[in-house]
Amino acid sequence: MRHDEIFTLMHVLEEFRKLDPDLPIQYALSFLTLAQNEGMSMRELAERLGIAQSSASRNVAALSKWHSFGKPGLDLVQAEEDPRERRRKIISLTPKGHELIATLREMMQREPRNEPRRAKTA
């Protein structure tokens, strides 16, 4: 991996840290998977990530408007009942989620830049 690619990746991860400094990487992976496959079900998300359905549900709750116990979530996704199968939840991005994807896309498409070199310390 080139230096500029690592630098860009670090900036992408920093965008997630702006949302929550303690955001688990699994939440970021869930969000990116959902952004790539908008309209997928909770079960499909669990299968795609190789995690338990309960973990996928917990991740989606954290990424939704309300996390658990009334704690505010990140409001990046929303899960809605599938009208054809009421037990199935279909997940889509919220406007805030679409904004984050647009920001990340812009970061990835910028011209490669090198990170400023830091002076070595003794």
Side-chain angles (χ1 to χ4, degrees):
M1 186 175 264
R2 295 186 333 243
H3 181 76
D4 60 315
E5 291 172 330
I6 294 170
F7 186 67
T8 301
L9 181 57
M10 289 172 63
H11 279 280
V12 166
L13 293 174
E14 193 60 40
E15 282 300 309
F16 284 104
R17 285 193 64 216
K18 287 179 186 176
L19 297 169
D20 178 353
D22 299 319
L23 185 116
I25 194 72
Q26 194 173 79
Y27 292 179
L29 290 172
S30 294
F31 173 73
L32 294 171
T33 301
L34 291 166
Q36 190 176 33
N37 304 279
E38 207 168 347
M40 72 183 339
S41 71
M42 200 78 70
R43 180 181 185 186
E44 292 166 325
L45 176 64
E47 289 172 0
R48 183 74 52 101
L49 294 175
I51 59 176
Q53 196 163 338
S54 60
S55 295
S57 180
R58 197 169 26 257
N59 295 351
V60 168
L63 294 169
S64 297
K65 192 168 191 158
W66 296 104
H67 196 301
S68 53
F69 307 110
K71 178 182 169 188
L74 298 171
D75 194 24
L76 299 173
V77 302
Q78 58 190 9
E80 295 179 335
E81 194 175 272
D82 184 338
R84 294 172 290 164
E85 189 181 335
R86 295 183 64 187
R87 293 182 309 181
R88 186 174 187 244
K89 300 286 185 202
I90 302 298
I91 309 156
S92 59
L93 300 187
T94 63
K96 185 177 175 183
H98 282 288
E99 287 174 24
L100 177 58
I101 286 298
T103 299
L104 297 177
R105 182 176 290 124
E106 184 180 308
M107 294 173 95
M108 298 300 293
Q109 292 174 348
R110 282 189 199 142
E111 287 293 317
R113 287 181 276 157
N114 288 324
E115 181 179 13
R117 299 206 178 233
R118 295 186 181 133
K120 290 184 181 179
T121 57

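Counting non-hydrogen atoms of other residues, nucleotides and ligands closer than 6.0 Å to CZ of Arg48 gives a total of 12 or fewer.
Residues Leu19 and Val77 share a hydrophobic cluster, clusters being chains of Ile/Leu/Val/Met/Phe/Trp/Tyr side chains in contact below 4.5 Å.
Scanning all heavy atoms of the two residues, the minimum distance from Ser30 to Leu45 falls at O-CD1, 4.1 Å. Annotation for Val12 and Met108: closest pair CG2-SD, 3.6 Å, computed over non-hydrogen atoms.
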Working for side chain to side chain contact (heavy atoms under 4.5 Å, CB included), residues Leu32 and Phe16: CA-CA 11 Å; Leu32 294 171; Phe16 284 104; 4.1 Å; yes
Side chain to side chain contact (heavy atoms under 4.5 Å, CB included) assessment of Met40 paired with Thr33: CA-CA 9 Å; Met40 72 183 339; Thr33 301; 4.2 Å; yes
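In this structure Arg84 satisfies the salt bridge (charged side-chain N to carboxylate O under 4.0 Å, His left out) test together with Asp82, sequence neighbours excluded. Under the rule for a side-chain contact (heavy atoms from CB on, under 4.5 Å), the partners of Glu15 that lie at least two apart in sequence or sit in another chain are Lys18, Leu100, Thr103, Leu104, Met107. Qualifying side-chain hydrogen bond (donor to acceptor under 3.5 Å, both in side chains) partners for Glu81, counting only residues two or more places apart in sequence or in other chains: Arg86. Listed by chain and residue number, nothing satisfies the side-chain hydrogen bond (donor to acceptor under 3.5 Å, both in side chains) test with Asp20 (two or more places apart in sequence, or in another chain). Applying the salt bridge (charged side-chain N to carboxylate O under 4.0 Å, His left out) test to Glu14 and every residue at least two apart in sequence or in another chain returns Arg17. Residues forming a side-chain hydrogen bond (donor to acceptor under 3.5 Å, both in side chains) with Ser41 (at least two apart in sequence, or on another chain): Glu44. Partners of Glu38 by side-chain hydrogen bond (donor to acceptor under 3.5 Å, both in side chains), not counting sequence neighbours, listed by chain and number: His98.
Remark: the backbone N or O of Leu76 is paired with a side-chain donor or acceptor of Thr94 at under 3.5 angstrom.
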When the side chains of residues 49-56 are checked against the rest of the protein, which donor-acceptor pairs come out under 3.5 Å, sequence neighbours left out?
residue	atom	partner	partner atom	Å
Ser55	OG	Arg58	NH2	3.3

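For the atom pair CD1 of Ile90 and CD of Glu80, the computed distance is 9.5 Å after rounding to the nearest 0.5 Å. For the atom pair Thr8 OG1 and His3 NE2, the distance stands at 9.5 Å (nearest 0.5 Å).
The side-chain heavy atoms of Leu13 and Ile25, taken from C-beta on, include a pair separated by under 4.5 Å. Taking 4.5 Å as the limit, some side-chain heavy atom of Phe31 sits within range of a side-chain heavy atom of Ile101. In this structure, Asn59 and Leu29 have side chains that are not in contact, with every pair of non-hydrogen atoms separated by 4.5 Å or more.
Aromatic ring orientation, His11 versus Phe7: perpendicular (interplanar angle above 60°, classes split at 30° and 60°).
Screening residues 90-108 for salt bridge (charged side-chain N to carboxylate O under 4.0 Å, His left out), with sequence neighbours left out, gives Glu106-Arg110.
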